[in-house]
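The structure displayed is predicted, hence computed values, not measured ones. Computed from heavy atoms alone, side chains included, the values below leave out hydrogens, waters and symmetry copies. Sequence positions, counted from 1, serve as the residue numbers for this chain.
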Amino acid sequence: MSSSTYTLPITGMTCASCAGRVERALLKVPGVEHAAVNLAAEQVRIETAKDDLAGLIQAVEKAGYGVPVQTLELAIDGMTCASCVGRVERALLKVPGVRSASVNLASERAHIEVLGAVDPEILIQAVEAAGYKAQTSGSEQPASDNTERRLRRERWAVIAALLLAAPLVVPMFGELFDQHWMLPPWVQFLLATPVQFILGARFYIAGWKAVRAGAGNMDLLVAIGTSAGYGLSLYQWWAVSAGQTPHLYFEASAVVIALVLLGKYLESRAKRQTSAAIRALEALRPDRAVRVIDGQEEDVAIAMLRLGDLVLVKPGERFPVDGEVIDGESQADEALISGESLPVAKVPGDRITGGAINGEGRLLVRTTALGGETVLARIIRLVEDAQAAKAPIQKLVDKVSQVFVPAVLVIAICTVIGWLSAGASAEVALINAVAVLVIACPCALGLATPAAIMAGTGVAARHGILIKDAEALEVAHAVTAVAFDKTGTLTSGKPRIVHLHANDGDEAALLQLAGALQRGSEHPLARAVLDRCEERGLDVPDVEQSQSLTGRGIAGDLDGRSLVLGNRRLLDDNGLQPGDLTEQAQAWEAEGRTLSWLIETAPQPRVLGLFAFGDSLKDGAADAIAALNTRNIESHLITGDNRGSARVVAEALQIHSVHAEVLPADKAATVVELKKGGAVVAMVGDGINDAPALAAADVGIAMGGGTDVAMHAAGITLMRGDPRLVPAALEISRRTYRKIQQNLFWAFIYNLVGIPLAALGFLNPVMAGAAMALSSVSVVSNALLLKRWKPEQ
């Protein structure tokens with residue numbers, strides 16, 4: 001039995017006992033024959049009969065130590081189809097230390113996870129040995145420049161190929177009208193040869209690299225097929241008797257190459273559009289900023305800024321950094337970052353996001369995040385990661401692509417043998433085999449999934465929905481139940497006055513007295529009272545001898561009256577009874593409201609009135625639940641709040657399933673119970689206590705403005721705290737998955753139908769070449785239809 005040897009880096013070991021613990025943990029893994037830890041080098045050498053790297057890493061982590069994982073990204077050049085993707089991945093996975101490799105044909109990038117430190121040059125050499133070019137993302141020139149240059153080269157190649165092939169095609173149309181315009185053989189030869197060997201050189205080069213690497217790709221099929229047609233024409237020309245007109249196929253080989261080049265050019269243009277979202281986000285990054293030091297302004301590069309620097313942002317400029325407004329008032333247009341269509345007011349103390357556009361005011365901003373830590377950089381990273389990842393459905397394509405080219409070559413050989421056995425001439429048999437080779441298109445299979453994912457994640461990001469990985473995108477389309485946290489998700493998380501009652505009927509006077517006591521307080525309930533006073537335009541007087549009553553409320557004197565505001569204990573402290581407010585207080589408490597009593601303690605103790613505070617529903621919460629109900633998706637409310645407040649929110653939003661007074665640790669258990677009931681569950685939350693539930697759900701959705709922990713645990717992040725983005729995220733997932741299914745269906749059907757038709761002689765090479773070019777373009781174009789999607793308003 002063959003064995004595998006791994007050398008894993010280990011972190012966290014401090015002594016010989018640590019080494020022994022790691023060795024014992026590894027020896028328990030099935031198949032491990034030997035494990036030796038080098039404490040000085042902080043690594044372990046493992047010999048195992050089973051190729052189970054994930055199991056080895058898990059064993060080390062269970063023992064209490066870590067295996068450091070580094071993420072690298074390479075730009076790959078020269079891939080043409082799904083077979084190329086598989087070959088690059090297999091080449092990278094053979095490099096010692098590579099844990100995983102995912103190659104995206106649409107973005108032409110490889111996302112690689114390596115254990116410990118691996119020299120990128122080794123990875124590049126592995127890719128080049130497989131027949132492709134590679135470079136690290138950091139070392140390459142701007143992607144837009146590279147793409148534009150390549151598109152220009154492809155455009156000129158297409159124009160030249162079409163101009164040379166056109167005279168060869170015209171006589172074919174003449175045959176339809178019984179006109180014989182056959183060009184002399186030497187003219188056909190002169191027109192077809194540069195197309196075959198100069199403009200078509202890319203197919204020979206890529207095909208030879210594939211053969212040398214022991215594999216096949218689309219280029220190999222085109223090279224073999226067109227060479228057969230070209231070679232047959234040379235033979236026919238040489239073998240024909242003097243005075244006879246040979247039957248040549250120069251036009252077939254030339255036109256096939258021209259059409260394939262045209263298809264690749266259109267495909268490249270379409271693929272460029274799928275990455276438009278990334279380019280739009282990258283364009284939001286300003287190159288320079290105006291830094292203010294001791295009142296002096298200086299224009300500096302963004303790289304020179306440091307945390308805490310003051311930056312001046314003039315009207316109409318983009319904010320160069322994340323920061324906090326120190327001086328000035330304005331509005332910020334954050335449409336391309338959060339999807340919020342309306343400008344957001346900014347005053348001192350507000351946070352701003354780099355890349356947003358300043359309105360009409362001058363703002364002085366203190367820098368709080370730079371470089372890769374800014375919100376914009378994190379958004380770009382999330383979108384890039386999602387577009388680089390593979391959806392689970394892609395595994396089927398990967399398996400097919402491994403055998404696709406060899407299978408087509410076998411079918412082509414069988415076609416020749418079959419036609420010869422049926423008594424056909426060698427000429428007919430060879431031409432039909434050429435048609436088989438030309439029409440077979442692994443490109444469409446390779447582009448079907450990544451093109452749709454890139455288009456779907458891109459348009460989602462433009463509307464404030466960040467999909468972290470392709471798996472979340474694929475799973476979200478099947479969601480049948482959405483579990484919502486309450487505070488901060490469906491409600492604002494900021495208390496407000498829901499009810500108030502003045503015993504003398506004067507609510508304005510009651511508010512003024514309460515506002516006077518709360519003036520200067522930062523307590524959330526105090527803020528709610530002062531906000532209501534401001535809404536009603538009430539003047540709030542000053543109180544004297546204001547003092548906090550621990551665990552009860554606040555007290556103060558106003559115009560010779562002693563006043564207290566707080567909870568029910570104040571009634572007992574002053575020997576007072578609620579009186580007529582008893583039933584009202586009980587009803588409001590049953591709703592889960594927080595009550596505050598306003599009492600006059602001197603000169604005459606009495607109850608002046610009662611306030612009930614509650615959380616307000618977010619704008620759009622009702623619309624979000626209604627949209628889910630319309631799609632027959634169940635809504636659940638999971639909250640740690642009391643049953644009264646949970647019931648009020650649920651009734652207002654028409655949520656029929658309520659799980660109240662759930663401890664943070666039990667939220668995940670509640671989600672698991674829903675999953676056990678057969679539901680595909682999406683959990684929506686925003687806090688640290690929601691992170692376990694987000695991770696436990698089939699799809700975690702973190703609300704914008706929430707904690708980093710919640711966003712890390714979630715597969716989808718909403719850049720705005722708008723609940724309406726939840727059904728929108730599920731909708732774009734559904735549409736993207738539908739595009740993936742459509743693309744895969746047509747890619748498979750195209751090959752399953754086209755190859756037999758070509759083998760049976762119903763398609764000539766020119767028609768096969770046109771169909772091949774059309775297949776890839778149609779798949780990418782179908783994916784691009786997602787760019788027209790907009791969330792329902």
[atom2] on [Y] to [atom1] on [X], rounded to 0.5 Å:
{"X": "L718", "Y": "M703", "atom1": "CG", "atom2": "CE", "answer": "5.5 Å"}
{"X": "I467", "Y": "L473", "atom1": "CD1", "atom2": "CG", "answer": "4.5 Å"}
{"X": "I124", "Y": "K133", "atom1": "CD1", "atom2": "NZ", "answer": "13.0 Å"}
{"X": "E108", "Y": "L74", "atom1": "CD", "atom2": "CG", "answer": "13.0 Å"}
{"X": "L92", "Y": "R99", "atom1": "CG", "atom2": "CZ", "answer": "16.0 Å"}
{"X": "I198", "Y": "L164", "atom1": "CD1", "atom2": "CG", "answer": "9.0 Å"}

I want to check something: taking the side chain as every heavy atom from C-beta on, are [X] and [Y] in contact at a cut-off of under 4.5 Å?
{"X": "M79", "Y": "V103", "result": "yes"}
{"X": "Q196", "Y": "S227", "result": "yes"}
{"X": "N782", "Y": "Q742", "result": "yes"}
{"X": "R631", "Y": "P727", "result": "yes"}
{"X": "L730", "Y": "L628", "result": "yes"}
{"X": "F203", "Y": "L261", "result": "yes"}
{"X": "M719", "Y": "L466", "result": "yes"}

Please name the pair of heavy atoms, one in [X] and one in [Y], separated by the smallest distance, quoted to 0.1 Å.
{"X": "N743", "Y": "A783", "result": "ND2-CB, 4.1 Å"}
{"X": "G464", "Y": "L725", "result": "O-CD1, 3.9 Å"}
{"X": "A356", "Y": "A332", "result": "CB-CB, 4.5 Å"}
{"X": "P756", "Y": "V753", "result": "CD-O, 3.3 Å"}
{"X": "A759", "Y": "N432", "result": "O-CB, 4.4 Å"}
{"X": "G354", "Y": "D322", "result": "N-OD1, 2.7 Å"}

Item to check | Criterion side-chain contact (heavy atoms from CB on, under 4.5 Å) on L409 and L437, from CA distance to verdict | outcome: CA-CA 7 Å; L409 291 173; L437 293 171; 3.8 Å; yes
Using modelled atom types and a 3.5 Å cut-off, is there a donor and acceptor pairing between side-chain atoms of [X] and backbone atoms of [Y]?
{"X": "K739", "Y": "V779", "answer": "no"}
{"X": "S733", "Y": "H477", "answer": "yes"}
{"X": "R318", "Y": "G355", "answer": "yes"}
{"X": "D698", "Y": "V681", "answer": "yes"}
{"X": "R109", "Y": "S102", "answer": "no"}

Next on the checklist: More than 12 heavy atoms of other residues, nucleotides or ligands under 6.0 Å from CH2 of W789: yes or no?
Outcome noted: yes
Checklist entry - Which is it for Y132 and V88 under the side-chain contact (heavy atoms from CB on, under 4.5 Å) test, yes or no, and what are the steps along the way? => result CA-CA 8 Å; Y132 305 91; V88 173; 3.6 Å; yes
Next on the checklist: Please enumerate all residues that pass salt bridge (charged side-chain N to carboxylate O under 4.0 Å, His left out) together with R735, with sequence neighbours excluded.
Outcome noted: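 Listed in chain order: E731.
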Next on the checklist: Is it true that E634 and T480 share a donor-acceptor pair across their side chains at a distance under 3.5 Å?
Outcome noted: no
Checklist entry - Looking only at side chains, do S778 and Y750 share a donor and an acceptor under 3.5 Å apart? => result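 Result is no, nothing qualifies.
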Next on the checklist: Assess the residue pair T736 and V459 against the criterion (side-chain contact (heavy atoms from CB on, under 4.5 Å)); give the C-alpha distance rounded to whole Å, side-chain angles, the decisive distance to 0.1 Å, and a yes or no.
Outcome noted: CA-CA 10 Å; T736 303; V459 72; over 6 Å; no
Next on the checklist: Test side-chain contact (heavy atoms from CB on, under 4.5 Å) on I439 and L763; report intermediate values, then the result.
Outcome noted: CA-CA 9 Å; I439 198 169; L763 294 175; 3.3 Å; yes
Checklist outcome for this item: Test side-chain contact (heavy atoms from CB on, under 4.5 Å), reference I716, set L694, I732, I465, V726, output is I465
Checklist entry - With S100, which residues qualify under side-chain contact (heavy atoms from CB on, under 4.5 Å), at least two apart? => result E113
